[in-house]
Amino acid sequence: MKPSKIYKQGYNCAESLIIAYNEEFNASIPVRLCTALGGGCGVGSICGAVNAAAIIIGEVKGRDDSTGDKMIAKRYVQAFMKEINGRYGTHMCKELKANKVTCAEIMDVSYEVVKEVLKQDL
């Protein structure tokens, strides 16, 4: 299911990405991790959908302890951010909205981009 359809059920943009990912990949990322991220953390800062994509990357590519390689997840987040910024020129909620990018669009695009980035060997 697309995050934009989940959003219509009353979830915020970040929660919607996590729910879509959990359903598609049988994952169990806690939705509550993203409750405070909607609306650019409530102040139009980094888009909640973009933040949720970083959480998904952390779940898939993150380390479990301090001896793990923290750069692996960072490379995936950087690739994701490069793609989003390349498409929209920003990852900031206020700026996306000012540029007439809808929440539905940025949610669905972020979700597709994060899935594509995770398929890469970085």
Side-chain angles (χ1 to χ4, degrees):
M1 181 179 289
K2 287 186 173 190
S4 59
K5 290 188 181 202
I6 296 165
Y7 181 78
K8 290 178 182 178
Q9 297 172 14
Y11 293 99
N12 73 32
C13 52
E15 293 168 332
S16 298
L17 243 74
I18 297 300
I19 292 167
Y21 184 83
N22 283 346
E23 288 179 4
E24 184 171 349
F25 294 96
N26 197 30
S28 57
I29 302 170
V31 175
R32 67 182 165 275
L33 290 176
C34 293
T35 299
L37 300 179
C41 293
V43 296
S45 186
I46 297 176
C47 168
V50 170
N51 266 325
I55 289 172
I56 291 168
I57 291 169
E59 169 68 15
V60 176
K61 299 294 183 178
R63 62 187 182 166
D64 290 317
D65 59 52
S66 64
T67 63
D69 184 353
K70 66 182 174 185
M71 293 309 297
I72 295 169
K74 284 185 179 182
R75 285 194 300 270
Y76 282 88
V77 169
Q78 289 166 346
F80 171 80
M81 294 297 283
K82 182 178 179 182
E83 181 65 27
I84 294 299
N85 286 325
R87 288 185 189 207
Y88 297 107
T90 187
H91 56 269
M92 302 298 283
C93 181
K94 279 184 184 176
E95 294 170 5
L96 289 162
K97 288 181 179 185
N99 293 333
K100 308 287 189 237
V101 178
T102 65
C103 292
E105 178 182 344
I106 192 64
M107 283 186 292
D108 291 345
V109 168
S110 291
Y111 187 58
E112 292 307 316
V113 169
V114 76
K115 291 191 303 182
E116 288 303 312
V117 165
L118 286 170
K119 291 178 185 175
Q120 297 174 19
D121 185 23
L122 301 178

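Bear in mind that the values here come from a model prediction, so they are computed numbers and not experimental data.
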Provide the full list of ring-ring contact (aromatic ring centres under 6.0 Å, His included) pairs with a residue in [range], sequence neighbours left out, each pair given once.
range: residues 97-116; value: none
range: residues 18-49; value: Y21-F25
range: residues 52-104; value: none
range: residues 39-66; value: none

With [X], which residues qualify under side chain to side chain contact (heavy atoms under 4.5 Å, CB included), at least two apart?
X: D69; value: M71, I72
X: K94; value: none
X: L33; value: I29, P30
X: A104; value: S4, T102

For this session: Hey, could you give me each pair passing salt bridge (charged side-chain N to carboxylate O under 4.0 Å, His left out) that has a residue in residues 79-88? Not counting sequence neighbours.
Result: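 Listed once each, the pairs are E83-R87.
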
Roughly how far apart are [X] [atom1] and [Y] [atom2], rounded to 0.5 Å?
X: K97; Y: N99; atom1: NZ; atom2: CG; answer: 12.5 Å
X: S16; Y: K8; atom1: OG; atom2: NZ; answer: 11.0 Å
X: C47; Y: E95; atom1: SG; atom2: CD; answer: 11.5 Å
X: L96; Y: I106; atom1: CG; atom2: CD1; answer: 5.0 Å

Problem set entry | Check: P3 and E15 side chains under 4.5 Å, non-hydrogen atoms |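 A side-chain contact under 4.5 Å is absent here.
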
Exercise. Is any side-chain heavy atom of V77 closer than 4.5 Å to a side-chain heavy atom of V117?
Worked result: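 No. Closest side-chain heavy atoms not under 4.5 Å.
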
Quiz: residues 56-64 side-chain donor-acceptor pairs under 3.5 angstrom, not counting sequence neighbours:
{"residue": "R63", "atom": "NH1", "partner": "S66", "partner atom": "O", "Å": "3.4"}
{"residue": "R63", "atom": "NH1", "partner": "G68", "partner atom": "O", "Å": "3.1"}

For this session: Verify side chain to side chain contact (heavy atoms under 4.5 Å, CB included) between S45 and M92, making sure each step is shown before the conclusion.
Result: CA-CA 5 Å; S45 186; M92 302 298 283; 3.8 Å; yes

For this session: Using the side chain to side chain contact (heavy atoms under 4.5 Å, CB included) rule, take N51 and L17 through it: C-alpha gap first, then chi angles, then the decisive distance, then the call.
Result: CA-CA 10 Å; N51 266 325; L17 243 74; over 6 Å; no

Minimal non-hydrogen separation, [X] against [Y], with atom names:
X: I18; Y: C34; value: CG1-SG, 3.3 Å
X: V50; Y: S110; value: CG2-OG, 4.1 Å
X: G38; Y: C13; value: CA-SG, 3.9 Å
X: N85; Y: T90; value: OD1-C, 3.0 Å

Exercise. By side-chain hydrogen bond (donor to acceptor under 3.5 Å, both in side chains), which residues pair with K115, not counting sequence neighbours?
Worked result: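 side-chain hydrogen bond (donor to acceptor under 3.5 Å, both in side chains) check on K115 returns E24, E112.
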
For this session: Quick one: list whatever passes side-chain hydrogen bond (donor to acceptor under 3.5 Å, both in side chains) with E23, sequence neighbours left out.
Result: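 Not a single residue meets the side-chain hydrogen bond (donor to acceptor under 3.5 Å, both in side chains) criterion with E23.
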
Problem set entry | side chain to side chain contact (heavy atoms under 4.5 Å, CB included) partner of L37, the single match among I55, N12, I46 |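 One option only clears the test, and that one is I55.
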
Exercise. Within a reach of under 6.0 Å around CG of D121, are more than 12 heavy atoms found that belong to other residues, nucleotides or ligands?
Worked result: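 No, not enclosed.
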
